[in-house]
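When a residue number appears, it is its place in the shown sequence, counting from 1. Both ligands and their constituent atoms are indexed starting at 1 by order of listing.
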Amino acid sequence: MFDELSRKLDIALAKLRQRGVLTEPMIKEGLREVRRVLLEADVNYTVTRDFLGRVQERALGEAVLRSVAPGQQIVKIVHDELANLMGEGRPTLAWAPSPPTVVLMVGLQGSGKTTSAAKLARRMARENRSPLLAACDLQRPAAIEQLQTLGTQIGVPVHAGAFGGDPVATARAAREAARAGKHQVLIVDTAGRLQIDEELMDQLRRVKEAVSPQEVLLVADAMTGQEAVKIAQGFDQAIGLTGIVLTKMDGDARGGAALSIRGVTGKPIKFVGTGEGVDALDAADPQRLAGRILQMGDVVGLVERAQAAITLEEQAKLAEKALGPGRFTLDDFLTAMRQVQKMGPLEQLLKLIPGAAKLSIPAAQMDPRRMKHVEAIILSMTPEERRNPAILDGSRRARIAKGSGRPVAEVNRLLKQFKEMQKFMKEMKGMMGGLGRIPGLGGGFPGTPFGR
Ligand SMILES: Nc1nc2c(ncn2[C@@H]2O[C@H](COP(=O)(O)OP(=O)(O)OP(=O)(O)O)[C@@H](O)[C@H]2O)c(=O)[nH]1
Ligand SMILES: [Mg+2]
């Protein structure tokens, strides 16, 4: 699913992710690349343009340019906006106030209507909704048989019309049968055509009228890209749709259909077909689909957690301390460390930071117990000592060691690391000019568990 798109987006975004500092031209250049990839994947032009507008606006925002690992944040923004393209949340089916709820499956020939009807029925059976299938594609004997076979396979009854019969009458009878049989859901399979034509639309309109469906789902083949979008528009104008079932997402669908169909038609993708088997139907989840496209869930998760752990105010304060006119003190060191701790188990977190795996960080430094020790040592200092560690002579160090229950050697080591970090902060300040950079995330943080 989305393999090609996924790979190309990864390459496009890699350039942004690898940079520690991003400027506006770099972001614009990177997003131009993303644009090219989306258009190549057959995403609708207008959808692409609006999408990039939103991404760029957010990416150029203060918060990203000034943040640590801005490239990672852009990955997250792209991810979120991709999800937004496909929907707000997980869409649900509309249920009838009194059963049966009727779901009408429509679409072009071979798009996967019959298969999807059976898959949906299986899903409903699993949810104990006692479904009934209706075979209203009466143009080919094989079509009726196909649904009957699938019905037997999944243990769902099929109300079938006779070959050559009237689909409208069959649909009406099926609805009656569903009510009489106390079926909660009726799923109606219909005939397809090679292209949208007035005769098919007229028949569907009459079937629709006969069963008053809560849902009219267009079954569209994801492999056809923007063609699927055009088909959806055509069906919506002719009979009115409530949602889309995007099939054959397991194939090498380029992404154009999935990413454009909602933006263009305003109809949500409700299900995605991911195989030929009767279980291969997923409820569409925009977040998950975006995750499949941008296979960087680790980055997205990390940025989310970091954002949750470090409040903006804290970030501003730390950046000010680290790079502003003030001095970076042991108190700040402790605050930064606690924030890093709040983000979760360190080893796990480190794995999430691209490049961090390459840093040689002794396991002991990542040990949460060691963090406790560092904390104990710093808290055993007086406020004056924390502000000005230069006054820490031998006797003071001995007192701190005793107070914290740690050996003097460890106190010394911590102070040495802190000094290195102060130096690093100063260098970085010189290097980066006025740009803020928050310690703790990817940017290197000597003397702490993230140190180089
Ligand atoms: N790989 C894959 N194949 C699918 C999927 N959905 C349907 N198919 C296959 O697509 C072919 C057509 O599916 P049908 O369900 O018969 O399509 P239809 O829309 O009912 O076709 P007509 O009744 O002829 O209009 C079958 O071989 C299905 O197995 C899917 O999500 N993934
Ligand atoms: Mg069929």
Discussion item. Applying salt bridge (Lys or Arg N to Asp or Glu O under 4.0 Å) to K113 and D189, what does each step give before you reach the verdict?
Written reply: CA-CA 7 Å; K113 291 177 299 298; D189 183 30; 5.9 Å; no

Practice prompt. Dump the intermediate steps for side chain to side chain contact (heavy atoms under 4.5 Å, CB included) on I244 and F271, then the final yes or no.
Written response: CA-CA 7 Å; I244 316 278; F271 295 97; over 6 Å; no

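Residues D42 and G225 approach most closely at OD2-CA, 3.4 Å, considering heavy atoms. Residue A280 comes nearest to G275 through the heavy atom pair CB-N, 3.3 Å, listed as atom of the first residue, atom of the second, then distance. P141 and F163 make their closest contact through CD-CE1, 3.4 Å (heavy atoms, listed as atom of the first residue, atom of the second, distance). V219 and S116 make their closest contact through CG1-OG, 3.9 Å (heavy atoms, listed as atom of the first residue, atom of the second, distance). Nearest approach of K15 to E33, heavy atoms of both residues: NZ-OE2, 3.0 Å.
By the criterion of a heavy-atom distance under 4.0 Å, the side chain of D137, and not its backbone, is placed next to ligand 1.
Around the Mg ion (ligand 2), the protein atoms of type N, O or S found under 2.8 Å away are T114 OG1, listed by chain and number.
Side-chain atoms of Q214 come within 3.5 Å of backbone N or O of V102 as a donor-acceptor pair. Judged by distance alone, with hydrogens and angles left aside, the side-chain atoms of R193 form no donor-acceptor pair with the main-chain N or O of Q109 at under 3.5 Å.
Distances from atom 23 (O) of ligand 1 to the heavy atoms of R140, Q109, Q146 put R140 nearest. Nearest to atom 9 (C) of ligand 1 by heavy-atom distance, out of Q139, K248, M105, M223, is K248.
When only non-hydrogen protein atoms are considered, atom 18 (P) of ligand 1 lies nearest to K113 N, 3.3 Å. Atom 29 (O) of ligand 1 has as its closest protein heavy atom E276 OE1, 3.0 Å. What sits closest to atom 17 (O) of ligand 1 on the protein, heavy atoms only, is G112 N, 3.0 Å. When only non-hydrogen protein atoms are considered, atom 22 (P) of ligand 1 lies nearest to G110 N, 3.5 Å. In this structure, atom 26 (C) of ligand 1 lies nearest to the protein heavy atom T115 OG1, 4.4 Å.
The ligand atoms of ligand 1 that sit less than 4.0 angstrom from a heavy atom of T274 are 31 (O). Close approach to G273 involves these atoms of ligand 1, each under 4.0 Å from a residue heavy atom: 31 (O). The distance from ligand 1 to the heavy atoms of T114 drops below 4.0 Å at these ligand atoms: 15 (O), 18 (P), 20 (O), 23 (O).
Residue K119 places a heavy atom less than 4.0 Å from ligand 1. At least one heavy atom of S111 sits less than 4.0 Å from an atom of ligand 1. Taking 4.0 Å as the cut-off, D250 counts as a neighbour of ligand 1 on heavy-atom distance. Assignment of G275 to the shell around ligand 1 is supported, since a heavy atom sits closer than 4.0 Å. Ligand 1 is never approached by G251 to a heavy-atom distance shorter than 4.0 Å.
If you take CG on L200 and OG1 on T190, they are separated by 7.0 Å, rounding to the nearest 0.5 Å. One distance of note links CG of D197 with CD of Q203; it measures 9.5 Å at 0.5 Å rounding. Taken to the nearest 0.5 Å, the CG atom of L133 stands 8.5 Å off from the CG atom of L120.
Ion pair E176/R172 not flagged as a salt bridge, since none of the NZ, NE, NH1 or NH2 atoms sits closer than 4.0 Å to an Asp/Glu carboxylate oxygen. Classification of K270 and E215 as a salt-bridged pair holds, one side-chain N sitting under 4.0 Å from a carboxylate O.
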